Amino acid sequence: MFLQFKSQVTQALTSALEANGLEVTYLSLEESVHADIASSVAFRLAPVCKKSPADIASMLAASINVPENGLIDRVETKGPYLNFYINQTFLDRTVSAIRAQGHDYASQTGRGKVILEHTSANPNGPLHVGHIRNSIIGDTLGRILEKAGYEVETQYYINDMGRQIAIVSWALEHFDFDTEKKSDHAIADIYIQANRVLNDEPDKKAEIDELIQRIEDGDPDVAERFKHAVDLAMEGIKYTLGRMNIHHDSFAWESTYVRNSDVSTTVSRIKDTGRTVVDDGALMVDLSDYGFEKKLVILRSDGTSLYTTRDLAYHLWKAGHCDRMIDVLGADHKLISGQLKAVLNALGENEPEIVIFEFVSLPEGSMSTRRGKFISTDELLDQINTQALVEVEKRRPDTSDDFKQEVANFVGIGAIRYDVVKVSPEKSTVFDWREALDFEKQGAPFIQYSHARACSILANAEGSGVKLADLEHHISVLVEDQEIELIKHLARLTAVIDTAAVDLKPHHLATYAREVADSFNQFYRYVPVLNAEVSLRDSRLVLVDCARNVLSIVLDTLGLHAPKSM
RNA sequence: GGGCUCGUGGCUUAGCCAGGAUAUAGCGCCGGGCUUCUAACCCGGAUGUCGGGGGUUCGAAUCCCUCCGGGCCCGCCA
């Protein structure tokens with residue numbers, strides 16, 4: 001509803017400008033504490049009109065026609081500013097729309113197909129706390145895009161043939177694999193050992209090189225061994241992702257593109273652009289006209305392909321299967337993804353949109369699976385669950401053990417997901433246990449609690465015989481500030497989903513979720529529902545149901561559980 | 001050395017792309033509120049050279065230049 005309001009304001013203001021023979025490229029509309037929408041366009045017109053901004057604002061305000069049956073209540077001037085305010089129709093339609101559309105409120109359709117790649121961690125160990133930033137941003141983006149009307153396919157690109165996997169495969173034959181442990185953790189153990197040995201005895205590296213050569217040549221025995229290694233790691237990784245409510249629609253295996261000759265086709269196509277040169281036996285692409293000083297190697301001097309080469313083949317495949325390609329990648333991929341886009345562009349293909357997130361490091365330095373320096377996601381999830389249980393015990397001592405465990409589970413996962421997604425991706429962070437396990441801050445539990453409170457009111461009402469579906473609502477009786485503020489917040493959902501989907505910024509939704517919860521809690525504190533006189537009570541119950549619905553949509557879109565009770 | 005990126009109260013953080021009215025919120029700190037729908041809540045207060053310096057502009061946290069500090073990257077790893 002907010003978007004409709006905004007477009008009506010745009011129209012009204014544009015006509016007023018025309019009426020005065022004025023033209024402007026940008027209306028300077030902004031949300032503001034002073035108005036529902038404010039415009040500072042008068043400043044920009046001052047030089048042209050040779051009048052003061054305040055005079056221009058008054059002049060425009062005088063010629064603004066507030067349309068009948070619209071959403072604008074009035075326009076006021078405050079010095080040079082033009083302040084637009086919403087009317088009761090806006091509030092009424094917002095509530096009616098939410099009520100009528102239920103969980104589909106703010107859902108759009110028909111915007112095309114998206115292939116969204118995220119996580120794609122190398123299968124050489126468990127996910128660590130750096131990887132989950134990728135997973136959580138990616139999963140949340142997927143949910144936002146779906147809500148915004150895209151058909152979304154999330155993909156995990158499995159690196160099943162690089163040097164790292166050769167080392168894991170080699171390690172499986174030289175060290176004891178601990179079958180008691182979760183498989184991805186056991187893989188990390190031997191991977192770390194192998195790296196240590198390879199570091200101490202460099203001559204063993206020849207064995208790894210041989211494996212890489214054989215996998216590239218399509219040796220079925222080596223392929224089988226690699227697959228076994230990858231499966232062990234992936235089994236554990238998928239389980240961990242599942243714990244966080246994250247699931248991929250499909251898994252793309254890197255080796256596929258070598259075996260089906262997409263890689264060699266890709267190399268030929270790149271050669272055809274005339275950009276390739278051979279240097280020391282290696283095939284390189286010149287991208288200097290795209291601003292990349294150094295050439296990009298796409299074939300080693302022994303003729304084998306590199307990660308980049310296979311990634312190019314993968315992206316060429318994706319380009320032919322969707323309308324939007326989106327990759328969520330760590331900051332270390334900034335350069336390489338730029339080069340990848342340049343090559344695709346040179347081939348005349350669509351380029352992916354890249355969402356880059358900065359690193360999560362430990363207080364003692366950056367994380368590394370190879371060196372065994374990382375905190376695993378499983379460990380974090382276990383710790384958060386334990387801590388969450390303590391919190392539930394403290395707050396709901398009289399409930400059953402099952403209830404406590406269930407609450408601890410969704411509160412813990414919610415806290416992690418929300419903590420990660422609320423921060424804009426370009427901020428590098430340092431992992432801190434105390435911070436991660438802190439339940440005092442206003443995060444996911446705050447939003448989930450608001451939802452539970454709304455559910456509780458509705459349940460009590462239904463318990464005393466009220467039929468929610470039959471209630472009549474009269475917007476004119478909702479006159480408290482908290483009621484109006486709440487409705488205005490609810491009205492913004494569509495706009496928030498839309499900008500988050502366009503800009504690929506999931507943290508906007510996180511901020512919005514907090515604001516809605518905040519707004520509902522204030523309403524809850526100051527506006528009695530069940531004890532109000534009947535017609536007032538009914539209208540408020542409808543509003544509570546709308547708030548519950550929006551909170552549940554928002555929680556769902558953030559991948560968080562929306563509890564009826566906690 | 002070069003490139004990219006971040007720097008906002010004690011800590012964490014929004015706003016920056018598309019410059020405007022008292023700079024967003026949380027934690028922590030001080031004080032207040034449970035005989036009313038779940039207090040994982042609500043209300044009030046203190047705390048800010050928006051990293052430093054220049055510039056553009058009627059107006060800069062936001063744009064430009066420069067310096068400082070953190071992170072990431074810089075051809076046959078992924």
Side-chain angles (χ1 to χ4, degrees), chain A residues 25-26 28 30 32-35 38-44 46-47 52-53 78-81 83 120 122 124 159 162-165 254 279-285 291-302 304-308 310-311 330-336 338-339 356 358-359 361 366 391-392 394-396 407 411 419 422-424 426-430 432 435 438-450 452-461 503 507-508 510-511 514-515 517-518 521-522 524-532 537 540-541 544 565-566:
Chain A
T25 49
Y26 182 58
S28 305
E30 58 233 26
S32 152
V33 287
H34 309 281
S39 173
S40 57
V41 74
F43 282 108
R44 214 135 301 113
S52 79
K78 184 74 187 276
Y81 297 95
N83 291 334
S120 301
N122 287 326
N124 55 10
N159 171 350
R163 175 166 292 271
Q164 305 188 45
I165 302 313
E254 192 181 12
D279 189 357
D280 275 342
L283 188 68
M284 305 184 178
V285 193
F292 298 101
E293 297 263 331
K294 303 199 172 178
K295 295 181 180 60
L296 177 70
V297 181
I298 54 169
L299 286 182
R300 293 193 184 92
S301 43
D302 64 5
T304 57
S305 62
L306 290 91
Y307 161 84
T308 314
R310 293 168 321 240
D311 207 23
D332 53 339
H333 282 70
K334 249 184 258 185
L335 177 61
I336 191 68
Q339 291 169 320
I356 294 285
E358 291 290 333
F359 267 49
S361 56
S366 59
E391 299 294 331
V392 183
K394 199 156 64 188
R395 296 163 210 263
R396 302 299 301 276
V407 172
V411 158
D419 253 12
K422 74 173 188 198
V423 181
S424 80
E426 61 266 21
K427 229 112 179 176
S428 55
T429 58
V430 177
D432 174 33
E435 176 84 8
D438 180 12
F439 281 90
E440 292 309 315
K441 59 187 174 210
Q442 195 180 46
F446 175 79
I447 302 157
Q448 291 170 316
Y449 184 65
S450 311
R453 278 181 143 184
C455 288
S456 176
I457 292 180
L458 298 171
N460 287 337
D503 299 342
H507 73 280
H508 289 332
T511 306
R514 203 237 320 129
E515 286 170 0
D518 208 18
N521 278 323
Q522 284 172 39
Y524 185 96
R525 163 67 182 78
Y526 286 106
V527 183
V529 177
L530 298 176
N531 293 333
R537 182 200 66 179
R540 285 178 178 166
L541 275 171
V544 171
S565 169
M566 68 182 271

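Quantities reported herein were computed from a predicted structural model and do not represent experimental measurements. Throughout, a chain's letter reflects where its sequence line sits, starting with A, and its residues are numbered from 1.
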Look at the side chain of Arg540(A) and the backbone N and O of Pro528(A), then say whether any donor-acceptor pair between them is shorter than 3.5 Å. yes
Under 4.0 angstrom, heavy atoms only, what part of the nucleic acid is Leu296(A) near: base, sugar-phosphate, or nothing? nothing
Options U22(B), A14(B), C42(B), nucleotide nearest the side-chain atoms of Asp518(A): C42(B)
Can a donor-acceptor pair be found, under 3.5 Å and without considering hydrogens, that links the side chain of Arg300(A) to the backbone of Ser305(A)? yes
Heavy-atom side-chain contact between Glu435(A) and Lys441(A) under 4.5 Å: yes
Would you mind classifying the nucleic acid contact of Asn124(A) as base, sugar-phosphate or nothing, using non-hydrogen atoms under 4.0 angstrom? nothing
Counting any heavy atom closer than 4.0 Å, what does Lys441(A) reach on the DNA or RNA strands: base, sugar-phosphate only, or nothing? sugar-phosphate
Think Lys427(A) has a side-chain N or O under 4.0 angstrom from the OP1 or OP2 of U5(B)? no
To the nearest Å, how far apart are Leu299(A) CG and C77(B) C1'? 16 Å
Closest approach of Leu541(A) to Leu458(A) (non-hydrogen atoms, all atoms of both residues): O-CD2, 3.8 Å
Between OH of Tyr26(A) and C1' of C17(B) the distance, given in whole Å, is 11 Å
For G7(B), which nucleotide is its Watson-Crick or G-U wobble mate, given both distances must be under 3.5 Å? C68(B)
With C1' as the reference atom in both, quote the distance from G9(B) to U49(B) in angstrom, rounded to an integer. 12 Å
Choosing from A21(B), G71(B), G75(B), which nucleotide comes nearest the side chain of Lys334(A)? G71(B)
With respect to the side chain of Glu358(A), which nucleotide from C72(B), C43(B), A14(B) is positioned closest? C72(B)
Base, sugar-phosphate or nothing for Lys394(A)? Non-hydrogen atoms, less than 4.0 Å. nothing
In whole angstroms, the gap separating C1' of G28(B) from CD of Gln442(A) amounts to 15 Å
Using the C1' atom as the reference point in each nucleotide, state the distance between C30(B) and G10(B) in Å, no decimals. 15 Å
Value in whole Å for how far the C1' atom of C72(B) lies from NE2 of His333(A): 12 Å
Touch class at under 4.0 angstrom, heavy-atom based, for Asp280(A) against every strand present: base
Across the strands shown, which category fits Arg310(A) at heavy-atom distances under 4.0 angstrom: base, sugar-phosphate, nothing? sugar-phosphate
So does Glu440(A) get a backbone contact from the side chain of Asp438(A), meaning a donor-acceptor N/O pair under 3.5 Å? yes
Which listed nucleotide (U13(B), G75(B), C6(B)) is nearest to the side chain of Val297(A)? G75(B)
Rounding to a whole Å, what distance do you find between Phe359(A):CZ and C6(B):P? 16 Å
Are Val285(A) and Gln339(A) close enough that some pair of their side-chain heavy atoms sits under 4.5 Å apart? no
If I pick the P atom on A25(B) and the same atom on G71(B), what distance separates them, to the nearest angstrom? 31 Å
Complementary nucleotide for U62(B) - Watson-Crick or wobble, under 3.5 Å: none
Specify the separation, in whole Å, of atom NZ of Lys294(A) and atom C1' of G3(B). 11 Å
Provide the Watson-Crick or G-U wobble partner of G1(B), both distances under 3.5 Å; none if there is no partner. C74(B)
Name the residue closer to the 5' end of RNA chain B, choosing between Arg44(A) and Arg163(A) according to the nucleotide with the nearest heavy atom. Arg44(A)
At 4.0 Å (heavy atoms only), tell me whether Ser366(A) reaches a base, stays on the sugar-phosphate, or touches nothing. sugar-phosphate
With heavy atoms under 4.0 Å as the rule, sort Ala331(A) into base, sugar-phosphate or nothing. sugar-phosphate
Distance, rounded to the nearest Å, where Gln339(A) contributes CD and C4(B) contributes P: 14 Å
What contact category does Ala38(A) fall into here, base, sugar-phosphate, or nothing, at under 4.0 angstrom with non-hydrogen atoms? base
Search all heavy atoms of Ile356(A) against all heavy atoms of His333(A) and return the closest pair with its distance. CD1-C, 4.5 Å
How far does the P atom of U13(B) sit from the matching atom of C27(B), given to the nearest Å? 16 Å
Any Ser428(A) side-chain nitrogen or oxygen under 4.0 Å from OP1 or OP2 of U5(B): no
Among G7(B), A25(B), C76(B), the one nearest Arg514(A) by side-chain distance: A25(B)
Syn/anti state for G75(B) [syn: chi within 90° of 0]: syn
Take atom C1' in U5(B) and the same atom in A21(B), then report the distance between them in whole Å. 32 Å
How does protein reach along nucleotides 30-40 of chain B, written 5' to 3' as B (base within reach of a heavy atom under 4.0 Å), S (only sugar-phosphate), or - (no contact)? ------SBBSB
What's the gap between G32(B) and A46(B) when it is taken at their C1' atoms, as a whole Å value? 15 Å
Give the rounded distance in Å between these two atoms: CD of Glu515(A) and C1' of A14(B). 9 Å
If you measure from the C1' atom in G59(B) to the same atom in C43(B), how many Å do you get, rounded? 35 Å
Distance test, side-chain N/O of His507(A) to OP1/OP2 of U13(B), below 4.0 Å: no
Rounded C1' spacing from U56(B) to G2(B) in Å: 28 Å
